[in-house]
Amino acid sequence: MVSRPRPVPLRPPRLGQGPSPTNPRTPMSAHLLEHAPESEPQAAEAMGPAPQEEHEKGRDAFESEEDYRLYCLRHSAAHVMAQAILQLWPQARLAFGPPIKDGFYYDIDIPGVTLTEGDLERIEAEIKAVVKENQTFEREEWTKEQAVAWFGARGQVFKVEHIGRLPVEKVTIYRNRRKDGGEFVDLCGGPHVMRTGQAKHIKLLKLSGAYWLGKAENPQLQRVYGTVWPTREALDQHLFRLEEAKKRDHRKLGTQLELFMFHDWAPGAAFWLPKGEFLYDLLGSRMRALLAGSGYDVVKTPLVFDKKLFETSGHWDHYQENLFHFPEGHFLEGQQEGAGAEGEQEPRILGLKPMNCPSHMLIFKSRKRSYRDLPMRIHDQGVLHRNELSGALSGLTRVRQFQQDDAHLFVAEDQIAQEVGRLLDLIDRVYAAFGMTVELNLATRPDPKLGSDELWDRAEEGLRQALVASGRSFGMHHGDGAFYGPKIDFDVYDALGRAHQCATVQLDFNLPRRFELSYVGADNQAHTPVVIHRAVFGSFERFIAILIEHYGGNFPTWLAPEQVRVMTVSEKSLEHGAAVTAALRAAGVRVHFDDGDDKIGYKIKMCHGMKVPYMAIIGEDELANGTVSVRSRDHGDLGSMQVQDFVDRLVAESVIPF
RNA sequence: GCCGAGAUAGCUCAGUGGUAGAGCAGCUGAUUCGUAAUCAGCAGGUCGUGGGUUCAACUCCCAUUCUCGGCUCCA
């Protein structure tokens, strides 16, 4: 029952992390300090004075001064935008407008108005006016009665509702006075920057829907996203970074590199084309081999189960909306009415498994287990289906059919620390191979939870010990564990500094109980094992999407579906080209021979488009000398070398580094 | 599922009620060429699907499917 790892929002890259070929980051702190560049007179004003101090969320809440100041700036930008929107649509009702990673948003309801992309420009123009006025953010404290009266009189129903929920005596409000005598007043805990002029480098990005308080039964609001930075340069860099990310979009590269496709008739399920299937298979088979050699039992389990399995696991009650299920038998159009007639037995209900864990419980339970069998590790790359909401599907990152490098470890309580230690090593080893860094956090007991405090104490302590023993630094996510057990959250950072959650290690006290698992201990008594859900890649689909974007499609030689393209200069060298191709192929190199009659420049251009790591150019010189002229995708013309040297080089670079 | 946007040739895209276009890719021919696009010709689309309005619909309206941006969900 491994929770599906989810992408997490962009985070800034950490120093010293993996390869950052296009690491666009500029040290922000420089801009945020007192002395701004001379060319940016506004910036001196913008970043000079520290943000206002008297507020609920203080400096201490942030990791760095830089984070703190950006938070204030972005929070303030949301106010500036809200003011602009109220100028354009006085009937607008404001909900929440928080700062977020790289920017801010504001949720707004404008009765009778649906914002369009074109409106963003209008709002931006109005924002410029507010920025230019350089209004002061004036902080005031009001009683709740005052605030309710003020916002109520102005139709700000969301603010009024929110005030009612605030567990405080007095609320803070921030006031901006306009030159035309008007003013913008917003309920807000702060903190803010001093003046609206500081939000000069701002850009609105997109529109979307969002529910009031995030609940689908509540009214839907319009959310306007924007980004704001201390300097023009930082804003431009951020916009450039967004463009870069767009170029690396796995959906675009997936088409361009012929890795996978989708079809309307199988929404949320990928077709893996030969080159994509190569990646999929390489990762899967390598992982299977790796695990089989380190004490795992590799299995394959059914896709379709009687609903009883899911009733036992609890999925039927708690996960049914994501479960594909159907009555056994044939679906005949027009015959549904007759079903369930008197005397007829209810058809058996079948479901497609959304997770592997229940099947693994059945395997454990299939015979009497001894403490000598533990830890028992079952690995399964079975096909899983989850009926995700149609609007949630997105490329390979959000699909309905996928596979995981999933395993369940059945352990005795006192084996938790050691097993988790092994997992940390494994996860490090794998992510290091891709040049990705991993950050760890221990997620502890939530409320409500299953199991006694003593059990949680021991389990959390086991995880903590494993983390400490590994020598890795880790943080705490208090209360973020699953209700059935604590877990370790892994944040994996890619080349663009974006964090993803792929790997997972979760303890589970629940499933062993539901399936009534037990093993015989050395004391000849029955004991309940603890289950550890664990995955390294998570879903192959999403991991491959991350890899595509991490490398920008430029896969290293060991991973590239096509490693070398041999290309002839003219038909005079066809024979030598074929011989070189054969030599590479005989050595196991993934090679394609371009023997067409196009010019060599054109062949190179096409080959670059497919991001093949090496080109072997074969002309009359190479024919005469028995050599190849090698061009690298990443380093250009490497000159000529002996065929065997080239083959050796490719073979050496083909070693899978994990 | 909800809000918004979109769907035109294999790909990227133009086309605001009057007979569907471009570039690349493809095919055929010519060309045999040395490190990021050789030339010419040909072929290719029921404009996502189904209804409707209209003399006339890629274009306007309705429904629907899928995709995208978010929300939501992921015990």
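Everything numeric here is computed off the predicted structure, so don't read it as measured data.
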What is the distance, to the nearest angstrom, from the [atom1] atom on [X] to the [atom2] atom on [N]?
| X | N | atom1 | atom2 | answer |
| --- | --- | --- | --- | --- |
| A/D107 | B/C3 | CG | P | 16 Å |
| A/Q320 | B/C73 | CD | P | 18 Å |
| A/D264 | B/C66 | CG | C1' | 4 Å |
| A/D598 | B/U35 | CG | P | 15 Å |
| A/W212 | B/G70 | CH2 | C1' | 18 Å |
| A/Y602 | B/A36 | OH | P | 15 Å |
| A/L393 | B/G1 | CG | C1' | 12 Å |
| A/D489 | B/C74 | CG | C1' | 14 Å |

Look at the side chain of [X] against the base of [N] and say whether a donor-acceptor pair falls under 3.5 Å; ignore hydrogens and angles.
| X | N | answer |
| --- | --- | --- |
| A/N510 | B/A75 | yes |
| A/Y211 | B/G70 | no |
| A/R398 | B/C73 | yes |
| A/E622 | B/G34 | yes |

Taking NZ, NE, NH1 and NH2 as the nitrogens, is one of them in [X] or [Y] under 4.0 Å from a carboxylate oxygen of the other?
| X | Y | value |
| --- | --- | --- |
| A/E388 | A/R400 | no |
| A/K307 | A/E311 | yes |
| A/R631 | A/D637 | no |
| A/R513 | A/E516 | no |

For atom [atom1], what is the distance between [N] and [M], given to the nearest Å?
| N | M | atom1 | answer |
| --- | --- | --- | --- |
| B/A9 | B/C58 | P | 15 Å |
| B/C3 | B/G51 | C1' | 25 Å |
| B/C68 | B/U32 | P | 48 Å |
| B/U8 | B/U59 | P | 14 Å |
| B/A43 | B/U28 | C1' | 10 Å |
| B/A14 | B/C73 | P | 36 Å |
| B/C27 | B/G10 | P | 15 Å |
| B/U64 | B/A37 | P | 49 Å |

Would you classify [X] as touching base, sugar-phosphate or nothing, given that sugar-phosphate means primed atoms plus P, OP1 and OP2, and contacts are heavy atoms under 4.0 Å?
| X | result |
| --- | --- |
| A/R631 | base |
| A/K206 | sugar-phosphate |
| A/S394 | sugar-phosphate |
| A/I617 | base |
| A/G395 | sugar-phosphate |
| A/E620 | base |
| A/D621 | base |
| A/Y225 | sugar-phosphate |
| A/A210 | sugar-phosphate |
| A/G601 | sugar-phosphate |
| A/K572 | sugar-phosphate |

Does [N] have a Watson-Crick or wobble mate here (both distances under 3.5 Å), and if so which one?
| N | answer |
| --- | --- |
| B/U72 | none |
| B/G23 | B/C11 |
| B/U59 | none |
| B/G17 | none |
| B/G44 | none |
| B/U67 | B/A5 |
| B/C39 | B/G29 |
| B/U54 | none |

If you only use heavy atoms from C-beta on, which nucleotide in [options] is closest to the side chain of [X]?
| X | options | answer |
| --- | --- | --- |
| A/P267 | B/A36, B/C66, B/C33 | B/C66 |
| A/I600 | B/A75, B/G70, B/U35 | B/U35 |
| A/L389 | B/A75, B/U72, B/U67 | B/U72 |
| A/N322 | B/A36, B/G34, B/C73 | B/C73 |
| A/V569 | B/C2, B/C33, B/U35 | B/C33 |

Below 4.0 Å: OP1/OP2 of B/G1 and any side-chain N or O of A/S390: yes
Distance test, side-chain N/O of A/R251 to OP1/OP2 of B/C68, below 4.0 Å: yes
Could you tell me whether the side chains of [X] and [Y] share a donor-acceptor contact shorter than 3.5 Å?
| X | Y | value |
| --- | --- | --- |
| A/N387 | A/N322 | no |
| A/D494 | A/H500 | yes |
| A/T301 | A/D380 | yes |
| A/R74 | A/T227 | no |
| A/W212 | A/E161 | yes |

Which residue lies more 5' along RNA chain B, comparing A/K605 with A/Q222 via nearest heavy atoms: A/Q222
Along RNA chain B (nearest heavy atom to each residue), the more 5'-positioned of A/L207 and A/A392: A/A392
A/H608 aromatic ring stacked with six-membered ring of B/A36, 5.5 Å and 30°: yes
Identified side chain to side chain donor-acceptor pair (under 3.5 Å) counterpart of A/E549 within the set A/K247, A/R248, A/H250: A/H250
